[in-house]
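Convention: sequence-line order gives letters A, B, ...; per-chain numbering from 1. In this text the structure is predicted, and so the values were computed from the model without any measurement.
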Number of protein chains: 2
Amino acid sequence: MSAPNRPTFRRIADEIRAAIDNGTYAPGSKLPTDAELAAQMGVTRTLIGDALQLLTTDGIVTKTRKGTFVSSFTSKINRDANTRYTKSFRESTTADGTKARGAFDAELRARGLTPKTDLQVKRVVPPNHVADLLGIPANEVLVVSRARVMFAVKEDGDEVPVQVATSYLPGDIAFGTVLETPDTGEGGLISRLADLGHRQSRISETIQVRRPSEAEATALNLTEDQRVYEITHSARTATDRVVEVTNHILPVHLWNLTYAWDLEG
Amino acid sequence: MSAPNRPTFRRIADEIRAAIDNGTYAPGSKLPTDAELAAQMGVTRTLIGDALQLLTTDGIVTKTRKGTFVSSFTSKINRDANTRYTKSFRESTTADGTKARGAFDAELRARGLTPKTDLQVKRVVPPNHVADLLGIPANEVLVVSRARVMFAVKEDGDEVPVQVATSYLPGDIAFGTVLETPDTGEGGLISRLADLGHRQSRISETIQVRRPSEAEATALNLTEDQRVYEITHSARTATDRVVEVTNHILPVHLWNLTYAWDLEG
DNA sequence: GAGTGGTCTAGACCACAGA
DNA sequence: CTGTGGTCTAGACCACTCG
């Protein structure tokens with residue numbers, strides 16, 4: 001009623017969305033082929049494709065060469081920017097008695113998922129905006145880059161990529177230290193930076209939403225029409241030096257973000 | 001090179017986007033009609049429509065019954081969650097010597113735009129999640145609702161809607177006070193709440209990205225395929241009472257968000 | 001009434017994954 | 001090889017806006 005002349009392809013999308021919500025199509029199951037749906041609904045295959053593309057963009061279904069499948073990820077993961085950087089959360093003990101290895105680890109375990117991270121440590125010349133934040137000349141100085149692709153492993157063993165993040169650490173701090181090794185141990189990067197005498201005291205993050213780059217789309221299994229948060233995170237010490245810049249890329253349909261802070265007078 | 005088999009409609013979108021970026025089509029100007037572009041490029045009108053829809057979703061062009069127009073808004077507005085709630089920013093003096101009326105006001109003037117706000121003050125039963133945050137029973141208690149639609153007025157007098165925001169204030173605090181009047185004066189809502197003995201001390205915000213509701217799409221001049229940030233803002237006093245909940249809706253293509261906070265040990 | 005974009009069909013060809 | 005979704009055309013009808 002609210003939309004009297006709602007186009008057919010949107011009505012079809014609504015219909016299928018409702019069918020997924022009410023359990024007619026279970027998470028992970030295969031939908032009928034476009035051609036079958038077209039026959040059922042008495043429309044062209046083109047229309048079904050348009051309708052399903054809307055659901056694909058929302059992350060509700062995934063289209064492959066083998067058919068259309070209902071996404072198995074339903075609820076969103078919460079990224080709480082404040083607790084995630086506290087020592088207690090980063091080093092929190094998980095259900096199986098092991099200690100969490102950094103913020104992302106604790107975050108996923110809190111949701112009953114098992115985290116898995118692919119890491120590549122390199123020395124690189126950072127992107128300009130990162131060099132800028134680190135206070136070093138552009139296109140010149142090498143820094144340590146810790147590029148991660150993070151997965152949520154479900155109970156059935158399926159690995160879903162949920163985030164890519166790249167941390168940049170100044171060379172004079174990180175070269176030749178544990179910060180260039182794969183496992184940063186209990187409490188993660190932030191704890192190790194503190195060990196090295198660079199305890200972080202103030203964080204700032206800027207957020208934008210955009211289409212994924214080609215590389216991001218591939219890594220996160222996204223289409224060009226989906227959207228990601230890009231969070232540029234920078235941490236400075238009490239002496240006001242930026243000792244870490246991290247670029248987080250998160251599909252918007254998988255995450256909520258939370259922030260909290262005190263007001264001064 | 002990077003995408004060998006890039007579909008035609010995406011290539012066309014890229015082409016037009018580039019033409020807009022390099023000034024071939026100026027901000028605010030009218031593009032050729034779909035039919036003309038189709039003829040120029042030797043493709044069907046359908047394809048041009050698909051291409052332009054990509055740009056519409058990104059907020060780069062606007063389609064009307066009168067033709068396709070290049071958006072006049074280029075850069076994004078920055079919403080700095082921290083400075084925006086400081087007293088000095090909210091009450092900052094603008095170029096013309098007048099005092100800013102709250103956070104949004106100061107935000108836009110910093111960008112050379114003139115803010116304009118349509119306000120409707122009512123007593124309403126708040127949405128469930130708001131009642132929850134305010135610590136009152138759902139579907140029952142009246143609170144003060146201050147619903148705003150905010151515009152950026154350009155130099156040529158054009159008014160672009162950039163945000164809708166609705167603040168909810170507990171009745172026992174707000175009924176019969178200045179909080180039910182249209183103009184909350186210097187420093188805005190927060191200053192008046194402080195005057196009434198409810199100085200805010202801690203803020204938390206949660207962010208998600210979603211399609212706009214029908215009402216939001218109408219108010220903000222969006223299509224169903226564009227995306228908005230929904231920011232749920234709540235403020236509590238030193239005595240830990242939530243005295244304000246505000247729901248902010250911002251088109252993602254118009255805004256960047258910024259947060260900053262201190263780490264404890 | 002003329003011109004605009006929005007929608008939809010019917011049918012075609014394609015690339016790609018899997019048996 | 002077959003079946004899948006992805007793309008594209010040609011052409012049609014529509015609703016809306018404006019002169």
Across the strands shown, which category fits B/G49 at heavy-atom distances under 4.0 angstrom: base, sugar-phosphate, nothing?
->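 B/G49: no heavy atom of the nucleic acid under 4.0 Å.
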Just call it for B/T44: base, sugar-phosphate, or nothing, with non-hydrogen atoms closer than 4.0 Å on any strand.
-> base
For [X] and [N], give me the distance from atom [atom1] to atom [atom2], rounded to whole Å.
X: B/L47; N: C/dG5; atom1: CG; atom2: P; result: 15 Å
X: B/R10; N: D/dG6; atom1: CZ; atom2: P; result: 11 Å
X: A/D34; N: D/dT7; atom1: CG; atom2: C1'; result: 13 Å
X: A/L31; N: D/dG5; atom1: CG; atom2: P; result: 9 Å
X: B/I48; N: D/dT7; atom1: CD1; atom2: C1'; result: 15 Å
X: B/K30; N: D/dC18; atom1: NZ; atom2: P; result: 13 Å
X: B/R6; N: D/dG6; atom1: CZ; atom2: C1'; result: 14 Å
X: B/K66; N: C/dG5; atom1: NZ; atom2: P; result: 10 Å

Establish, from distance only, whether the side-chain atoms of A/T223 and A/D225 form a donor-acceptor pair under 3.5 Å.
->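 Side-chain D/A pair, A/T223 to A/D225: absent.
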Side-chain donor-acceptor pair present, A/T33, A/R45, cut-off under 3.5 Å =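 Checked: A/T33/A/R45 side chains show no N/O donor-acceptor pair below 3.5 Å.
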What is the minimum heavy-atom distance between B/S72 and B/K154, and which atoms define it?
->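 Minimum heavy-atom contact is OG-NZ, 2.5 Å.
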Taking every heavy atom of B/A19 against every heavy atom of B/N22, the minimum-distance pair comes out as O-OD1, 3.0 Å
Select from A/R65 and B/R45 the residue whose nearest nucleotide in DNA chain D is closer to the 5' end of that strand.
-> A/R65
DNA chain D nearest-nucleotide lookup for A/P32 and B/T46: closer to the 5′ end is A/P32
Out of D/dG5, D/dC8, C/dT7, minimum distance to the side chain of A/K63 belongs to D/dG5
Give a yes/no answer on whether the side chain of A/T8 brings an N or O atom under 4.0 Å of OP1 or OP2 in C/dC8.
->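 True: A/T8 side-chain N/O within range (under 4.0 Å) of C/dC8 OP1/OP2.
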Does a side-chain N or O from A/T68 land closer than 4.0 Å to OP1 or OP2 of D/dG5, or not?
->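 So the side-chain polar atoms of A/T68 do come within 4.0 Å of the phosphate oxygens OP1 or OP2 of D/dG5, strictly under.
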Sole residue of B/L254, B/L250, B/V149 in side-chain contact (heavy atoms from CB on, under 4.5 Å) with B/Q163 | B/L250
